Q: 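Encoded as structure tokens, here's the structure I'll be asking about.
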Amino acid sequence: MEATVSSVIISLALVTLLTCACKVVNWVWLKPKKMERCLREQGFKGYPYKLLYGDAKDLISKMRESGPKPMEPTSDDVVPSILPFHHHSVNLHGKKYIQWMGPTPRINITDPKLIREILLNHEVFQKSKINPLVKLLVTGIIAYEGEEWAKHRRLLNPAFHIEKLKIFVMR
């Protein structure tokens, strides 16, 4: 049994193709479904994962439904017109829900007690890793972490004291 060069190349190509196919299936289906199961066990509600596009279709349809409509003059609630999908999801699923951006889940939390806990425990609740290309384009306090974030936060904090904000409101 003599192995020819062409049969070795074909075998390597098949192994490579199968490896890539397994990685794609894991990325597109297995990992999101596992994450969805874990999040549901932790009490998060939301729409189930949809292959590849997630909640993108629902998000776009809610934005089209809300459209450019004038707000009622007696209402100061801007969330339904600015973030219609978020408003709909909070009403449907509660103050903590899952939103799928492709195969990546986004956790949305609007409960003030949970938000406070997250902000106070920034060592436990880390930001998700940023794509290197986005990291080149986005700079500032949003992209910073750890000591660099704390330093910039301390510098910015005095600008948001209530007395300084009152000056802007009075103008």
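Everything quoted here is computed from the prediction, not taken from an experiment. The figures that follow rest on heavy atoms only: side chains count, while hydrogens, waters and symmetry mates do not.
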Q: According to a hydrophobic-cluster definition based on side-chain heavy atoms being under 4.5 Å apart (Ile, Leu, Val, Met, Phe, Trp, Tyr only), do Met63 and Ile60 belong together?
A: no

Q: For residues 14-34, please give each side-chain donor-acceptor pair under 3.5 Å, one per line with the distance, not counting sequence neighbours.
A:
unit_1, atom_1, unit_2, atom_2, d
Thr16, OG1, Leu12, O, 2.8
Thr19, OG1, Val15, O, 2.8
Lys33, NZ, Glu36, OE1, 3.0

Q: How far does CG of Asp111 sit from CD of Glu117, to the nearest 0.5 angstrom?
A: 10.0 Å

Q: For a quick test of reading the model, state the closest non-hydrogen atom pair linking Val79 to His87 and the distance between them.
A: CG1-CB, 4.0 Å

Q: Taking side-chain contact (heavy atoms from CB on, under 4.5 Å) as the definition, give me every residue that meets it alongside Glu148, ordered by chain and number, with sequence neighbours left out.
A: Tyr144, His152

Q: Determine the minimum heavy-atom distance between Asp58 and Phe85, stating which atoms define it.
A: CB-CE1, 3.6 Å

Q: Rounded to the nearest 0.5 Å, what's the gap from NZ on Lys95 to NZ on Lys113? Could you check?
A: 9.5 Å

Q: Okay, side chain of Arg40, backbone of Gly46: is any donor-acceptor separation there less than 3.5 Å?
A: yes

Q: Considering non-hydrogen atoms only, spot the tightest contact between Gly102 and Tyr49 and give its length.
A: O-CE1, 3.4 Å

Q: Taking the six-membered ring for Trp, are the ring centroids of Phe44 and His93 within less than 6.0 Å of each other?
A: no

Q: Hey, any chance Leu92 and Ile107 share a hydrophobic cluster, counting ILVMFWY side chains that come within less than 4.5 Å of each other, even indirectly?
A: no

Q: Answer whether the closest heavy-atom distance between the side chains of Leu114 and Lys96 falls below 4.5 Å.
A: yes

Q: By salt bridge (charged side-chain N to carboxylate O under 4.0 Å, His left out), which residues pair with Lys62, not counting sequence neighbours?
A: Glu65

Q: Establish, yes or no, whether the cationic atom of Lys50 lies under 6.0 Å from the six-membered ring centre of Tyr53 and within 45° of the ring axis.
A: no

Q: Run the side-chain contact (heavy atoms from CB on, under 4.5 Å) test against Ser81 and tell me which residues pass, sequence neighbours left out.
A: Met71

Q: Starting from Leu119, can I reach Phe125 by hopping between I/L/V/M/F/W/Y residues whose side chains sit under 4.5 Å apart?
A: yes

Q: For Asn157, look at atom CG and say whether over 12 heavy atoms of other residues, nucleotides or ligands are found less than 6.0 Å away.
A: yes

Q: Going from CG on Leu59 to CZ on Arg64, what distance comes out if it is rounded to the nearest 0.5 angstrom?
A: 11.0 Å

Q: What residue pairs, at least two apart or across chains, pass side chain to side chain donor-acceptor pair (under 3.5 Å) with a residue in residues 101-110?
A: Tyr97-Asn108, Gln99-Asn108

Q: Does Pro105 have any side-chain contact (heavy atoms from CB on, under 4.5 Å) partners at least two apart in sequence or in another chain, and if so, which?
A: Met35, Leu39, Ile98, Trp100

